[in-house]
2 protein chains.
Amino acid sequence: MRIGQLADLAGVTPRTVRYYESLGLLGPSERQGSGFRYYTQVALTRLQKINDLKALGFSLEEIAHMLPLYFEELSNRCHLQALIEILQQRLQETDEKLVSLSHLREDLQASLDRLQRVLEESASESSFNMNEVNTQEISGLIVD
Amino acid sequence: MRIGQLADLAGVTPRTVRYYESLGLLGPSERQGSGFRYYTQVALTRLQKINDLKALGFSLEEIAHMLPLYFEELSNRCHLQALIEILQQRLQETDEKLVSLSHLREDLQASLDRLQRVLEESASESSFNMNEVNTQEISGLIVD
DNA sequence: TTCAACTCTAACGTTAACGTCAAGTAATTA
DNA sequence: TAATTACTTGACGTTAACGTTAGAGTTGAA
């Protein structure tokens, strides 16, 4: 397939594909004489993985370091050790991020509970309902 | 305290503090005649919370929506309901992010295990050690 | 009082991750 | 074959989150 179709399937624009290529994230595709880029399913898989990692908040530079772990061959031992170190670092950062996010989640839940109580209090205080407070909405807030 | 000290304590620059103020993240501080900004401990706490949220990958715009949950008073019921909705959304997004991050962590761990095995194989294959592979480093990689 | 250090506003510069436009070429459809 | 798409490179534009510089006023210690 060509760049337009690849971009559509991956939910990005051709511009983005070319940009990723310029950063070395997508390897220089085949140019069959015409100058057009032609791609296979592999490129799509790679693009989707890039999107996944981006959604997790990684920069393209970081992603460039992580992609070999998913796609590239493990050539020599030297390269392999470098990858292991990168991976070790990523794993640690991920664990830290998980901890922080868990804390944030607790904060959010606590704030939610607090607001809920405040809302209930204000509901019982005022004898007539000014703003049509729907308590059904509130009971659905707790996800856990 | 003035802007320089506040910035130092929070690990940012005065420029950043002014920028946050321009976005409404730090409220217009007191200007005692001279035109200088004077802050209290409250501003520092607020700045630190901003830093925490930034570390979690939230944009300043998102943070602007979250800060009231930590600091502002819950004035009227209308405002309160708006906050509850924002919080509900954040909580859901956080849960999704936690799931994705957990998956990433599994991927990283799996890749690490794989690399580890490859390294061991290459070590047992070659009778003489070309690159001084230190197997101690590898056993320390698994965090769990 | 004086002078270095701090602060003010205003404005231009920077990086990441693209968007958008231009001018030309290739492919496809009528 | 002619007209519409799709693709090419190149270059300038954009947003977020500040950095940096300039020119002028303020503080506080010696």
Side-chain angles (χ1 to χ4, degrees), chain A residues 1-41 43-44 46-67 86 90 93 97 100, chain B residues 1-41 43-44 46-67 86 90 93 97 100:
Chain A
M1 76 186 95
R2 296 189 309 204
I3 198 170
Q5 192 180 352
L6 174 69
D8 280 349
L9 291 176
V12 300
T13 68
R15 166 68 171 136
T16 300
V17 175
R18 295 194 196 98
Y19 180 57
Y20 288 174
E21 180 183 324
S22 78
L23 297 182
L25 296 183
L26 273 182
S29 54
E30 299 177 34
R31 311 291 197 93
Q32 330 208 83
S34 68
F36 284 19
R37 295 171 174 83
Y38 288 90
Y39 299 94
T40 67
Q41 191 68 27
L44 178 58
R46 208 174 161 100
L47 252 180
Q48 286 166 338
K49 178 56 78 176
I50 294 176
N51 283 339
D52 290 350
L53 294 176
K54 262 173 58 73
L56 291 172
F58 292 102
S59 70
L60 293 182
E61 190 177 352
E62 291 173 314
I63 292 174
H65 286 131
M66 303 170 75
L67 281 181
I86 292 172
R90 291 280 156 246
E93 288 174 14
K97 218 166 182 177
S100 297
Chain B
M1 76 185 96
R2 296 190 308 206
I3 197 170
Q5 191 180 353
L6 175 68
D8 280 349
L9 292 176
V12 301
T13 69
R15 164 66 171 142
T16 300
V17 175
R18 296 194 196 98
Y19 179 57
Y20 288 173
E21 180 184 325
S22 77
L23 296 182
L25 296 182
L26 274 182
S29 54
E30 300 177 33
R31 310 291 198 93
Q32 328 209 82
S34 68
F36 283 19
R37 295 169 174 83
Y38 288 90
Y39 299 94
T40 67
Q41 193 67 26
L44 178 57
R46 209 175 159 98
L47 252 180
Q48 287 166 338
K49 177 56 78 178
I50 293 175
N51 284 337
D52 290 350
L53 294 176
K54 262 173 56 76
L56 292 173
F58 292 102
S59 71
L60 294 182
E61 190 177 351
E62 291 172 314
I63 292 173
H65 286 130
M66 302 171 75
L67 280 181
I86 292 172
R90 291 280 156 247
E93 288 175 12
K97 217 165 179 176
S100 297

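Bear in mind that the values here come from a model prediction, so they are computed numbers and not experimental data. Reminder, nothing fancy here: chain letters follow the sequence lines and each chain counts from 1.
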Leu6(A) atom CG is separated from dA6(D) atom C1', nearest whole Å, by 14 Å
Using a cut-off of strictly less than 4.0 Å, decide whether Arg37(B) has a side-chain nitrogen or oxygen near OP1 or OP2 of dC8(C). yes
Arg31(B) atom CZ is separated from dG25(D) atom P, nearest whole Å, by 17 Å
Item checked: Thr13(B) side chain reached by Val17(B) side chain, heavy atoms, under 4.5 Å -> no
Asn51(B) CG to dA17(D) C1', in whole Å, measures 13 Å
Atom CD1 of Ile50(A) and atom C1' of dA17(C) are separated, to the nearest Å, by 13 Å
Could you walk me through whether Arg18(A) and Glu21(A) pass salt bridge (Lys or Arg N to Asp or Glu O under 4.0 Å), step by step? CA-CA 5 Å; Arg18(A) 295 194 196 98; Glu21(A) 180 183 324; over 6 Å; no
So, does Ser100(B) use its side chain to make a donor-acceptor pair with the main chain of Lys97(B) at under 3.5 Å? no
For nucleotides 21-30 of chain C, 5' to 3', base contacts (B), sugar-phosphate-only contacts (S) and non-contacts (-) with protein non-hydrogen atoms under 4.0 Å give -----SS---
Check your understanding: So does Lys54(A) get a side-chain nitrogen or oxygen closer than 4.0 Å to the phosphate oxygens (OP1/OP2) of dC18(C)?
Key -> yes
Taken in chain and number order and not counting sequence neighbours, the residues that satisfy side chain to side chain contact (heavy atoms under 4.5 Å, CB included) with Ser59(A) are Glu61(A), Glu62(A)
Within residues 10-25 of chain A, those residues having any heavy atom closer than 4.0 Å to DNA chain C are Thr13(A), Arg15(A), Thr16(A), Tyr19(A), Tyr20(A)
Sorted by chain and number, sequence neighbours left out, side chain to side chain contact (heavy atoms under 4.5 Å, CB included) with Phe36(B) holds for Arg2(B), Ser34(B), Tyr38(B)
Heavy-atom nearest nucleotide on DNA chain C taken for Glu61(A) and for Gln5(B); more 5' hit belongs to Gln5(B)
Leu60(B) CG to dC18(D) C1', in whole Å, measures 9 Å
The salt bridge (charged side-chain N to carboxylate O under 4.0 Å, His left out) partners of Lys49(B) (sequence neighbours excluded) come to Asp107(A)
Report yes if the side chains of Tyr39(B) and Ile3(B) come closer than 4.5 Å at any heavy-atom pair, otherwise no. yes
From CD of Glu62(B) across to P of dA16(D) the rounded distance in Å is 12 Å
Taken in chain and number order and not counting sequence neighbours, the residues that satisfy side-chain hydrogen bond (donor to acceptor under 3.5 Å, both in side chains) with Arg46(A) are Glu72(A)
Scanning both residues in full, the closest heavy-atom pair of Pro14(B) with Gly4(B) reads CG-CA, 4.4 Å
In whole angstroms, the gap separating C1' of dT9(D) from CD1 of Ile3(A) amounts to 12 Å
